[in-house]
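Input: a single structure, listed below in structure tokens.
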Amino acid sequence: MGYHLAGFDVDGCDVADRPRYPFTYHRGDALDYLDRLITTGEIERYALVHASPPCQAKNTLTVGTNASQGWGGTHEDLVAPTRALLEASGLPYVLEQPNGRAEIRKDLTLCGVSFGLGVLRHRNFELGRWSTANPRHVKHDGYVRGWRHGIYRDGPYVAAYGEGGGKATVPEMQTAMGITWTDVREELTEAIPPAYTQWIGSAFLKSRQEVLFA
């Protein structure tokens with residue numbers, strides 16, 4: 001949605017059925033789909049590729065609390081094969097992951113507070129074949145509401161992940177992240193706020209204009 005608001009025509013791909021996805025949608029393995037676009041030459045009709053491979057393998061929760069408590073299972077790390085295809089595409093790209101140990105360059109780090117949102121939701125972005133300045137990280141004004149290690153804290157931000165322990169309700173997540181097109185909890189907990197990709201998309205278009213008129 002953020003790229004659409006920035007002025008892009010958007011195609012999406014995911015392995016799961018997403019009937020609420022508001023743009024052109026292809027169901028299937030995203031890596032297979034990207035590989036086919038590259039092989040057939042169809043990739044040439046695109047301007048930018050954004051990839052958000054599964055993040056559970058090395059995100060902060062997995063390598064921190066879950067590991068210490070013996071929770072969770074094994075997760076596949078698809079960052080490297082995703083990057084390989086992004087590089088092979090020949091296009092500028094954006095590779096997104098949450099905070100943690102994912103092996104990406106942190107060319108950008110965005111936070112909901114910088115956009116006046118009700119979530120922190122830090123996300124890191126590796127930028128390929130283009131660059132832009134990192135925006136200022138606005139200071140957090142309090143806690144994320146909910147239980148942490150047996151202690152309840154109130155605060156202005158909601159926990160838009162998981163269930164229980166004071167986690168946000170579906171309406172709270174929709175409001176906090178600015179997402180109106182889905183009320184599916186799993187989709188909301190996996191989403192990044194469209195304000196992030198609108199900012200990135202606008203920065204990319206600005207960078208292209210600067211190159212054109214330099």
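Counting begins at 1 with the first residue of the sequence. Side-chain atoms are counted along with the backbone in the values below, which use heavy atoms only and exclude waters and symmetry mates.
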Partners meeting side chain to side chain contact (heavy atoms under 4.5 Å, CB included) with S131 (sequence neighbours left out): none
D17, CG: over 12 other non-hydrogen atoms inside 6.0 angstrom: yes
N-O pairing of R185 and E190 below 4.0 Å: no
Any side-chain donor near an acceptor of the partner, D107 and N134, under 3.5 Å: no
Sub-6.0 Å ring centroid separation between Y93 and H50: no
Check: T189 side chain, E186 main-chain N or O, donor-acceptor pair, under 3.5 Å: yes
Pair F115 and Y196, ring centroids less than 6.0 Å apart: yes
Note, Y3 side chain near F204 side chain (heavy atom, < 4.5 Å): no
Geometric class of the Y21/F23 ring pair [parallel <30°, tilted 30-60°, perpendicular >60°]: perpendicular
Main-chain N/O of A160 paired to R121 side chain as donor or acceptor, under 3.5 Å: yes
Indicate every side-chain donor-acceptor pair of residues 40-49 with a distance under 3.5 Å to a residue at least two apart or in another chain.
from, atom 1, to, atom 2, distance (Å)
T40, OG1, R36, O, 2.8
T40, OG1, L37, O, 3.4
T40, OG1, E42, N, 3.3
T40, OG1, E42, OE2, 3.0
E42, OE2, R36, NH1, 3.1
Y46, OH, D11, OD2, 2.6

R83/E126 salt bridge by N-O under 4.0 Å criterion: yes
Flag, side chain of T169 to backbone of E172, donor-acceptor distance under 3.5 Å: yes
N-O pairing of E187 and R18 below 4.0 Å: yes
Check ion pair R129-E87 (N to O, under 4.0 angstrom): yes
Heavy-atom closest contact (A51 atom, L86 atom, distance): CB-CD1, 4.1 Å
Test item: T197 side-chain N/O and P194 main-chain N/O as donor-acceptor pair under 3.5 Å: yes
